[in-house]
Amino acid sequence: MIEANLITIFSIIIIAGVISQLIAARFSIPSVVFLLIFGILLGPHGIGILNPLSFGNALNDIVGISVAIIIFEGAFHIRIQKLLKISIETAKLLTIGAGISLIGTAALVHYLLNVNWMVSFLVGSLLIATGPTVIMPILKVVHVRERVATILETEGIVNDVTAAILAIVFFEAILLNTTNIFDLIPIFLLKFGVGLLVGILTALALINFLRLSFIPPSSAPQLTRLLVLMLALASYAISNSITPESGIVAAAAAGIMLGNSSISYEREVSEFKGDITLLVLSFIFIILAALLDLRILLSLGISGVLVVILIIVLVRSLSVYASTTGNRFTLSEKIFMMAVAPRGIIPASISMLFAIHLQSLGLFREANVVVGTVFLVIFTTVSLEAGLSRYIA
């Protein structure tokens, strides 16, 4: 009975995901909008034909693996040579801008939603990420100058990884019940160090294996694609088995390493990974939206709405303004970058992943604030900023 139920759930999610992609392509709107709508409508708080709790304890692992694949995909497209040549404004947005976003968001959550600083910084770190999965569709239908597209694309790809790593650090601080910033340094070094080492070693192993030409030429493209997928999963699993929550760093490191190694059949691998990521993205967004209890969003009240408005209007504006001083960008371009910063899969999936952990520890209020704030920002930015991006432009 359970097996039949899971098969039904998988089928419903895949069908809803494909329909969402078709509608999104037809109307040139990011698919995230429709994935979230389908998840809520089909879930327990909608018509009730999709219950993610049927996955039981495996749901946590499914979300974790999915995040690893998405992070790996984003990291694969990071080119170190390009990063070394990015403009000073892009570098500022990735550093100073991200810092303003982190601190500004954390301060708003702390003072307006009345939670401790570490939970506030966890929310702040998650909302650094804009994400290529929501930025790229916008830039396909909204024609902006190349310098604007480049800075937004780079921010989306790099800050996905940045947000994931920072979120791990602050989540560990919550588990250790510490507010001392110096206690976070060894946590960061351990998680980051283990993940980086595992990611590099697993990527090197695959790169050398591919160069030894053990694969028959007739099957090389297909097997290379499968080996790359195996690398994403293996790096995540091995690193997590050494130290929990370090797998995301490993997946990111492996993706960057492999993406900069000039492997054979790179175009085929990239297309395959894109398809896998699209499927995983659809699955995760629908599952997470189905899991979301709208009462959590309502429980944040007016304070929650105010936090979202200030994050979108004030924090983002300060972040872009501080990063784009000078004459390189026009006022109109700056306003566009301030107004278009939709959040996507990384904050959604990681917030739900950590919320499940927090609930198991009895921290229900903290879990609700993390999930509620993140999803309110996602709903608002995706529906308004992504949906109205043409008119904003």
Side-chain angles (χ1 to χ4, degrees), residues 4-56 58-67 69-70 73 126 129-138 140-141 160 274-298 308 342-353 355-356 368 371-389:
N5 189 31
L6 289 179
I7 291 171
T8 303
I9 290 173
F10 272 114
S11 301
I12 291 171
I13 291 172
I14 290 172
I15 292 169
V18 172
I19 292 173
S20 296
Q21 300 296 340
L22 289 172
I23 298 173
R26 175 65 181 82
F27 294 101
S28 299
I29 296 173
S31 60
V32 175
V33 176
F34 305 105
L35 293 172
L36 289 172
I37 292 171
F38 270 117
I40 293 171
L41 289 178
L42 298 174
H45 307 291
I47 59 178
I49 64 173
L50 176 61
N51 187 4
L53 297 179
S54 301
F55 291 103
L59 182 61
N60 207 15
D61 295 326
I62 292 171
V63 174
I65 290 170
S66 301
V67 171
I69 292 173
I70 294 165
E73 156 76 8
L126 289 170
T130 51
T133 54
V134 281
I135 288 294
M136 299 301 189
I138 292 173
K140 285 181 180 178
V141 297
D160 255 7
D275 291 340
I276 293 292
T277 302
L278 201 62
L279 187 62
V280 169
L281 183 100
S282 301
F283 180 85
I284 288 299
F285 252 124
I286 290 173
I287 281 288
L288 295 181
L291 269 174
L292 186 65
D293 188 343
L294 293 180
R295 288 174 296 183
I296 293 175
L297 302 183
L298 296 175
V308 173
R343 273 57 166 199
I345 187 64
I346 292 303
S349 52
I350 297 181
S351 68
M352 193 64 79
L353 190 66
I356 294 170
N368 287 349
V371 171
T373 306
V374 168
F375 270 84
L376 268 177
V377 172
I378 291 172
F379 281 133
T380 308
T381 56
V382 166
S383 58
L384 294 181
E385 296 183 357
L388 302 175
S389 56

What distance separates Ile346 CD1 from Ile284 CD1, expressed to the nearest 0.5 Å?
10.0 Å

State which residues pass side chain to side chain contact (heavy atoms under 4.5 Å, CB included) with Leu384; sequence neighbours excluded, sorted by chain then number.
Thr380, Leu388

Tell me whether Thr381 contacts the main-chain N or O of Arg343 through its side chain, where contact means a donor paired with an acceptor under 3.5 Å.
yes

Contact between Phe375 and Val308 at the side-chain level, heavy atoms closer than 4.5 Å - yes or no?
no

Within-4.5 Å side-chain heavy-atom neighbours: Ile135 and Pro342:
yes

Excluding sequence neighbours, so at least two apart, what forms side chain to side chain contact (heavy atoms under 4.5 Å, CB included) with Ile47?
Leu42, Ile49

For Ser351, the side-chain hydrogen bond (donor to acceptor under 3.5 Å, both in side chains) test, sequence neighbours excluded, returns none

Which residue pairs pass the side chain to side chain donor-acceptor pair (under 3.5 Å) test with at least one member in residues 279-289, sequence neighbours excluded?
Gln21-Ser282

For a quick test of reading the model, state the closest non-hydrogen atom pair linking Pro44 to Ala290 and the distance between them.
CD-O, 3.3 Å

Nearest heavy-atom neighbours spanning Ala348 and Ile378
CB-CD1, 3.5 Å

Rounded distance [0.5 Å steps], OG in Ser349 versus CD1 in Ile62:
13.5 Å

Atom CD1 in Ile287, atom CD1 in Ile9: separation rounded to 0.5 Å?
6.5 Å

About how many Å separate CD1 of Ile13 and CD1 of Ile286, when rounded to the nearest 0.5 Å?
6.5 Å

Which pairs of donor and acceptor atoms, one on a side chain in residues 32-39, lie under 3.5 Å apart (sequence neighbours left out)?
none

